[in-house]
Amino acid sequence: MQGQWQPPLGYRLAKGVTRHEKNDGIFLLLGFPLKSLSLHPAWKGIIRCLSGRDYVAFQQLLPLIENVDADRVESMLNDLVLKGFLEQQGIPALSELPMVSIIIPVRNRPEEISACLKSLEDLDYPANRLETIVVDDASTDHTPEIVSGFPVRLIRLENNQQAPFCRNLAAGEAKGEILAFVDSDCLVDPLWLKELLPTFKAASVGAVGGRVASYFNTSGLDCYEAANSSLIMGRHAMRSQERDTAFYVPSCNLLVRRSLFLGMDGFREELVVGEDVDLCWRIQDHGLHVAFQPVGKVFHKHRNRLIPFCGRRFDYGTSEPLLQKLHKKRSKKMVFPVGGSFFLALGILAMMTASPMLLIPCGAISIGDALNRWCIVRKKGVPVGVMSILLAVLREYFSFAYHLCAFASRYYLIWAILLLPLFQTASMVIMTMHLVVGIVGYVIKKPQLNPFSFLFYFTLDQLSYQSGVWWGCFRHRAFGSVNPKLVWSAFSGKS
């Protein structure tokens, strides 16, 4: 098969990043979120070359640094991408393409599995380095006959066992060093594997997930899913970090090292939903990273009618309390920055009491916080001005307020509605917080919807999910999802 054209691997400074050179090194400064990075003088040539608007091909960068092999340079540049200082285009080269086993569980989806397998026929990947295993989970229709018409391996089960069992069964019989999981209601992009596999060049990565795009695009719900689906992980490359205890990628677009997967006994088969979250967390507990790349697309046929849509969100919610119970070390925390908390409290009090004079101490808090941070970073030699620090502080305060609103909207909107006659003030506050989150989401995600339709679907989304969460909390007697640990935080100057 002739491969699709892709631009060569290239890099450039990300938007909002500036370079500052010194005799003993070079600083990169990112405006939002405000953070800096000090690099060795040997990297000056590369950073200068990347400071223009255009992407610079990786091969052009290699001669600019001596005594460093290509893999190490690429690893360093990719690390700067993950930290937000660089942008990347193109696909990194692989010296050898690994053997990949594509695994698809299916039950009673003849049309969907047919479309999925047809999309795999267009993969830009050598056929002799691929195998496809379909596990039919005791279908009661003609799904097995449809699968039999494709050049894949079909495993038929007599009893319904659910997707985690099917995936584990196929993984045990797979030949590939990489297991590529995709769901039967998905279609894959031809560059799916070629765009994701280079992530495994980093030995510390155990699994990687790619972008999940919406397949349907006609109804209002389709437009909402395209912008705000729970399967959308973000727009930028990410990698699990110790401080981000909730990071995961969904199993409908997930590649895992087979040796790692089998060594961890695969998916937890007792989990009907949330098994992908559990697997990703266990991989991280195993000492390896889980990565996300905004490429390597699959197109997902989401539930595009209201009742199935709400039902699926409810199902997702039920898994959260059980996951919190299984992973107690990943208990949820709500971080309260000291300055931001006082700023927000005084701001709310000023609005509630109509006392604009309370805004004076708000300003004093933000300015004092900014000056303190400026003194800390200047001692470290970071070339940043007071106004840049002040703007970063204010963005942090408003970000903190947004996350408080998002938490209330995500878990407490249902109680605000049910208890409105009894607790009118508290309920109205929570509803207002929900409205703020919805409006911010609409502005940032720019869905192809009018704002009222977006807020309607967003409200159904939140209510369905949190209904499942609370049902799961009472069922498992685990309330960590809705009752996080409160942690106070002060600026340390480490970032």
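Numbers here simply count residues along the sequence, with the first being 1. Quick note: numbers below take in every heavy atom, side chains included, and nothing from hydrogens, waters or symmetry partners.
Between R282 and D285, no side-chain nitrogen of the basic residue sits less than 4.0 Å from a carboxylate oxygen of the acidic one, so the salt-bridge criterion is not met. R235 has no carboxylate O lying under 4.0 Å from a charged side-chain N of E87, or vice versa, which leaves the two without a salt bridge. Salt-bridge formation is not detected for the pair D189/K194: no Lys NZ or Arg NE/NH1/NH2 atom is positioned less than 4.0 Å from an Asp or Glu carboxylate oxygen.
Aromatic ring pairs are classed by plane angle as parallel below 30°, tilted from 30° to 60° and perpendicular above 60°; the pair F474 and F479 is perpendicular. Between F267 and F261, the angle of the ring planes goes over 60°, which puts this pair in the perpendicular group of the 30/60° scheme.
Counting heavy atoms from C-beta outward, S319 and V277 have side chains that stay 4.5 Å or more apart. For the pair Y411/N483, no side-chain contact is recorded, criterion being any heavy-atom separation below 4.5 Å from C-beta on. A heavy-atom distance below 4.5 Å is found between the side chains of K332 and F407. Inter-residue side-chain proximity for F150 and L120 is flagged as unmet; no heavy-atom pair is nearer than 4.5 Å. Considering only heavy atoms from C-beta on, P447 stays 4.5 Å or farther from C223 through its side chain. Q88 is not listed as a side-chain neighbour of Y55, based on a closest heavy-atom distance of 4.5 Å or more.
Looking at H300, its side chain never comes within 3.5 Å of a backbone N or O of C186 through a donor-acceptor pair. A donor-acceptor pair is defined here as one N or O able to donate and one able to accept, closer than 3.5 Å; such a pair exists between the side chain of N253 and the backbone of G296. The main-chain N or O of V290 is found under 3.5 Å from a side-chain atom of S240 such that the two form a donor-acceptor pair. Panel note: side chain R129, backbone L97; a donor-acceptor pair is recorded below 3.5 Å. At distances below 3.5 Å, not a single donor-acceptor pair connects side-chain atoms of E320 with backbone N or O atoms of Y316.
Summarising the local packing, CZ of R475 is surrounded by 12 or fewer heavy atoms from other residues, nucleotides or ligands at distances under 6.0 Å.
Remark: H302 engages F216 in a ring-ring contact (aromatic ring centres under 6.0 Å, His included) (not counting sequence neighbours). For F458, the ring-ring contact (aromatic ring centres under 6.0 Å, His included) partners at least two apart in sequence or on another chain are H434. In terms of the ring-ring contact (aromatic ring centres under 6.0 Å, His included) criterion, residue partners of F400 (sequence neighbours excluded) are, by chain and number, F336.
A centroid separation of 6.0 Å or more is found between the aromatic rings of F314 and W470.
Taking the centre and axis of the six-membered ring of F309, the NZ or CZ atom of R303 falls outside the cone set by 45° and 6.0 Å.
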